[in-house]
Amino acid sequence: MAIQQSDVKYTAVATAEGGRDGRVAADDGKLDVVVNPPKEMGGSGEGTNPEQLFAAGYAACFQGALGVVARNEKVDITGSLVTAEVGIGSNDDGFGIIVAIKGSIPTVDAATAQSLLEKAHQVCPYSKATRGNIEVTLAVA
């Protein structure tokens, strides 16, 4: 179920100039980065790129969702890490992305870790936003 505008607690605002070969900045000045295509896509690779920014946001959001799930289930996830790998490649419409989420939870066994990752995937806002649109795989690291 989609949230309503009246339910919004915070809105992030960022502006891009120059697309994949330019600059992206948040309105509050906390983020201001040069973006360039990666060398693998013919760019200089000197700046960051949209896929890295998406991976960073997804990893942070998923780690937060994992924490919510762990607290609800009273499971200690101290020392856990979430890595998001965002790939970009050609598809029928031009380009598309694919995501692999890898979670390391040293305080639990692999089966419990996988279960926690799957439950986090159900509540993570990034996962909800991408569900049905891109392939997202989950794996215990």
Side-chain angles (χ1 to χ4, degrees), residues 1-73 75-141:
M1 183 164 110
I3 67 169
Q4 302 298 312
Q5 186 62 38
S6 61
D7 297 324
V8 172
K9 306 268 188 266
Y10 169 76
T11 300
V13 179
T15 301
E17 178 183 355
R20 288 185 155 278
D21 209 355
R23 177 177 162 259
V24 176
D27 66 334
D28 63 4
K30 293 180 181 178
L31 176 73
D32 190 341
V33 295
V34 171
V35 289
N36 300 116
K39 288 183 179 182
E40 296 84 352
M41 294 181 68
S44 70
E46 292 181 11
T48 189
N49 58 67
E51 292 70 39
Q52 287 177 327
L53 295 169
F54 186 74
Y58 204 156
C61 188
F62 200 95
Q63 177 73 43
L66 182 62
V68 168
V69 168
R71 279 191 297 282
N72 287 344
E73 297 199 6
V75 176
D76 176 18
I77 61 164
T78 301
S80 64
L81 300 172
V82 171
T83 301
E85 298 176 357
V86 176
I88 183 169
S90 299
N91 66 11
D92 294 340
D93 298 335
F95 286 92
I97 61 172
I98 188 169
V99 176
I101 300 288
K102 296 180 180 177
S104 171
I105 310 173
T107 55
V108 299
D109 61 67
T112 301
Q114 186 68 34
S115 175
L116 291 170
L117 292 176
E118 290 170 6
K119 290 174 182 173
H121 189 47
Q122 296 306 308
V123 299
C124 173
Y126 274 60
S127 292
K128 288 179 181 181
T130 59
R131 190 165 288 118
N133 297 312
I134 64 172
E135 181 181 331
V136 177
T137 58
L138 306 173
V140 174

Task: Separation between CG of N91 and CD1 of I134, rounded to the nearest 0.5 Å - done: 11.5 Å
Task: Approximate separation, where rounding is to 0.5 Å, of E46 CD and K39 NZ - done: 7.5 Å
Open item on the list: So does V136 get a backbone contact from the side chain of R131, meaning a donor-acceptor N/O pair under 3.5 Å?
Closed with: no
Task: D32 side-chain N/O to G29 backbone N/O, donor-acceptor pair under 3.5 Å - done: no
Task: Side chain to side chain, S80 and T107, heavy atoms closer than 4.5 Å - done: no
Task: Stepwise side chain to side chain contact (heavy atoms under 4.5 Å, CB included) check, I105 with L66 - done: CA-CA 10 Å; I105 310 173; L66 182 62; 3.9 Å; yes
TODO: Check whether any side-chain heavy atom of I88 sits under 4.5 Å from a side-chain heavy atom of E40, and report yes or no.
DONE: no
Task: Pairwise side-chain contact, T48 with V35, heavy-atom cut-off 4.5 Å (strictly under) - done: yes
- [ ] Give the minimum heavy-atom separation between Q122 and K128, together with the two atoms involved.
- [x] O-CE, 3.3 Å
Open item on the list: I'd like to know if the side chain of E118 pairs up with that of Q114 as donor and acceptor (distance under 3.5 Å, no hydrogens or angles considered).
Closed with: yes
Task: Parallel, tilted or perpendicular: rings of Y58 and F62 (30°, 60°) - done: tilted
Open item on the list: Within this structure, what is the CZ-CE distance for the pair F95 and M41, rounded to the nearest 0.5 Å?
Closed with: 4.5 Å
Task: Nearest heavy atoms of P50 and R20, plus distance in Å - done: CD-NH1, 3.5 Å
TODO: Taking all non-hydrogen atoms of both residues into account, name the closest pair between P106 and G79 and its distance.
DONE: CD-O, 3.7 Å
- [ ] Find the distance between CG (L138) and NZ (K119) and round it off to the nearest 0.5 Å.
- [x] 13.5 Å
Task: Residue pair I3 / V8, side-chain heavy-atom distance below 4.5 Å - done: yes
TODO: Look at the side chain of N133 and the backbone N and O of A129, then say whether any donor-acceptor pair between them is shorter than 3.5 Å.
DONE: yes
TODO: Supply the atom-to-atom distance K102 NZ to T83 OG1, rounded to the nearest 0.5 angstrom.
DONE: 8.0 Å
TODO: Grab the two heavy atoms, one from V24 and one from A16, that are nearest each other, plus how far apart they are.
DONE: CG2-CB, 4.0 Å
TODO: Could you pull out the closest heavy-atom pair between G45 and N36, with the gap in Å?
DONE: N-CB, 4.2 Å
- [ ] Report the C-alpha distance between T15 and D27 in whole Å, list the side-chain angles of each, state the deciding distance to 0.1 Å, and finish with yes or no for side chain to side chain contact (heavy atoms under 4.5 Å, CB included).
- [x] CA-CA 7 Å; T15 301; D27 66 334; over 6 Å; no
Open item on the list: Consider side-chain contact (heavy atoms from CB on, under 4.5 Å). Of I77, V75, L117, L116, which one does V69 pass it with?
Closed with: L116
Task: Nearest-0.5 Å distance that lies between atom CD1 in I98 and atom CD in E51 - done: 13.0 Å
